[in-house]
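Just so we're clear, the structure is a prediction, and the values are computed from it rather than from any experiment. Just so it is clear: chains get the letters A, B, ... in the order the sequence lines come, proteins before strands, and each one is counted from 1.
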There are 2 protein chains.
Amino acid sequence: MEDYYTPGEIAERFDLTLDTLRYYEKAGLLRRVDRAPSGHRRYRTDDVELLHLIRCLRDTDMPIARLRAFAELVRSGDHTIPERLDVLQEHKNRLDARIAELVERQGAIEHKIDYYLGVLSERAAGTAHTLKDGS
Amino acid sequence: MEDYYTPGEIAERFDLTLDTLRYYEKAGLLRRVDRAPSGHRRYRTDDVELLHLIRCLRDTDMPIARLRAFAELVRSGDHTIPERLDVLQEHKNRLDARIAELVERQGAIEHKIDYYLGVLSERAAGTAHTLKDGS
DNA sequence: ATGGGACCTGGAGTGCGCTCCAGGTCAAGG
DNA sequence: CCTTGACCTGGAGCGCACTCCAGGTCCCAT
């Protein structure tokens with residue numbers, strides 16, 4: 001009823017290991033998570049929401065240290081929203097630049113692939129020519 | 001005249017450190033580079049060309065081990081072009097997928113930024129209202 | 001009561017890609 | 001002759017983000 005989630009559920013949902021989940025908590029990305037009487041962790045809905053964002057930022061290569069700083073802002077209350085915006089906008093700028101770089105390299109790689117394909121088809125044509133020549 | 005390049009020139013051209021250059025050579029990304037009588041490295045035009053491609057692949061996160069495998073194919077001669085094509089096409093597939101993932105997350109981050117902007121402008125509107133109310 | 005499964009802890013270990021360092025050589029300029 | 005600067009070597013060290021492990025607890029079903 002209480003909308004609590006077990007470590008196993010969270011791990012599956014976010015495709016993280018239990019170890020990583022604990023590591024994130026130790027690293028300060030998550031607050032000290034609630035516990036069942038057994039000592040097992042119980043994640044709340046807002047942990048899930050934060051994890052969602054963390055996952056997204058992590059997937060786009062935000063380092064753990066910056067993630068922790070962000071998480072601290074979240075914990076500090078709504079008055080930190082302007083700072084959080086700064087962090088996100090800064091991160092988005094980096095991300096935009098990274099995507100642009102990757103797309104550029106993608107073009108270069110395609111070019112190289114086309115070059116190799118050209119070499120191969122020329123070679124095939126050469127073979128055909130040899131055959132046509134009667135050898 | 002011989003179209004040789006010094007380590008310093010190469011390092012600057014590719015924005016790599018001398019250490020990294022040597023590390024790449026040890027790791028098998030480059031062949032055993034030529035030496036001047038002094039023992040200093042002298043890079044040839046084809047080293048430069050290979051480095052160009054290596055830089056491109058590295059910038060798109062190809063791991064050193066795969067890069068080494070690719071470099072070995074290059075060293076083995078033209079008959080390895082089909083295998084090189086496989087490596088490049090496989091890498092391009094990963095890269096395409098990675099770019100797609102980043103773009104998706106980019107959207108999510110933009111969304112979050114917009115959400116925070118919304119909170120802030122609502123807050124500002126609330127303040128305005130308070131003022132209008134005569135406080 | 002016993003076995004299995006999910007989870008706990010603190011701390012050590014791993015893989016990757018560099019990066020740094022001490023101590024040395026060589027060539028050119030003052 | 002001496003310094004300076006570019007470069008050499010082998011090997012140690014580093015930062016990051018996990019990942020693994022031993023040994024333990026709790027709870028539930030057989």
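- DNA chain D lies under 4.0 Å from at least one heavy atom of each of the following residues of residues 62-73 of chain A: A:Pro63, A:Ile64.
- Distance, B:Leu18 CG to C:dC18 C1': 14 Å, rounded to whole Å.
- Take B:Asp61 and apply the salt bridge (charged side-chain N to carboxylate O under 4.0 Å, His left out) test, not counting sequence neighbours, and it matches A:Arg98.
- Using a 4.0 Å cutoff on non-hydrogen atoms, the parts of residues 20-28 of chain B near DNA chain D are B:Arg22, B:Lys26, ordered by number.
- Not counting sequence neighbours, the partners of A:Arg94 by the salt bridge (charged side-chain N to carboxylate O under 4.0 Å, His left out) test are A:Glu90.
- Salt bridge status for A:Arg13 with A:Glu9: absent, with no side-chain N to carboxylate O gap under 4.0 Å.
- Between the axis at the start and the axis at the end of the helix from C:dA1-D:dT30 to C:dG30-D:dC1 there is an angle of 10°, using five pairs per end and rounding to 10 degrees.
- Residue pairs meeting the salt bridge (charged side-chain N to carboxylate O under 4.0 Å, His left out) criterion with at least one partner in residues 113-124 of chain A, sequence neighbours excluded, are absent.
- A 4.0 Å heavy-atom criterion places the boundary nucleotides of DNA chain D facing chain A at D:dA17 to D:dC26, written 5' to 3'.
- Residues of residues 49-58 of chain B that place a heavy atom closer than 4.0 Å to DNA chain C, in numerical order, are B:Arg58.
- If you take CD of A:Glu12 and P of C:dA6, they are 12 Å apart, rounded to a whole angstrom.
- The pair B:Arg31-B:Glu25 does not meet the salt-bridge criterion, since no charged nitrogen lies less than 4.0 angstrom from a carboxylate oxygen.
- Across the protein-nucleic acid pair, B:Leu30 atom CG and C:dC18 atom P stand 13 Å apart, rounded to whole Å.
- Checking each of B:Asp46, B:Leu21, B:Leu29 against B:Leu51 for a side chain to side chain contact (heavy atoms under 4.5 Å, CB included) leaves exactly one that passes, namely B:Leu21.
- Within 6.0 Å of CD on A:Glu104 lie no more than 12 heavy atoms contributed by other residues, nucleotides or ligands.
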For this session: Report the C-alpha separation of A:Asp34 and A:Tyr4 in whole Å, then their side-chain angles, then the decisive distance to 0.1 Å, and conclude whether the side-chain hydrogen bond (donor to acceptor under 3.5 Å, both in side chains) test is met.
Result: CA-CA 9 Å; A:Asp34 294 351; A:Tyr4 270 129; 2.9 Å; yes
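- Residues satisfying the side chain to side chain donor-acceptor pair (under 3.5 Å) criterion with A:Ser38, sequence neighbours excluded, are absent altogether.
- In this structure, A:Lys112 is positioned above the aromatic face of A:Tyr116, its NZ or CZ under 6.0 Å from the six-membered ring centre and within 45° of the axis.
- The salt bridge (charged side-chain N to carboxylate O under 4.0 Å, His left out) test applied to A:Arg66 returns no partner, not counting sequence neighbours.
- In this structure B:Arg42 satisfies the side chain to side chain donor-acceptor pair (under 3.5 Å) test with no other residue, sequence neighbours excluded.
- Side-chain atoms of B:Asp19 and base atoms of C:dC18 include no donor and acceptor less than 3.5 Å apart.
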For this session: Kindly indicate, with the supporting measurements, whether the criterion side-chain hydrogen bond (donor to acceptor under 3.5 Å, both in side chains) is fulfilled by B:Thr60 and B:His91.
Result: CA-CA 9 Å; B:Thr60 50; B:His91 182 65; 2.8 Å; yes
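- Under the salt bridge (charged side-chain N to carboxylate O under 4.0 Å, His left out) criterion, B:Glu110 pairs with A:Lys92, not counting sequence neighbours.
- Place B:Thr17 and B:His40 on DNA chain C by their nearest nucleotides, and B:Thr17 ends up nearer the 5' end.
- B:Thr17 has its side chain out of reach of B:Tyr23: every pair of non-hydrogen atoms, C-beta onward, lies at least 4.5 Å apart.
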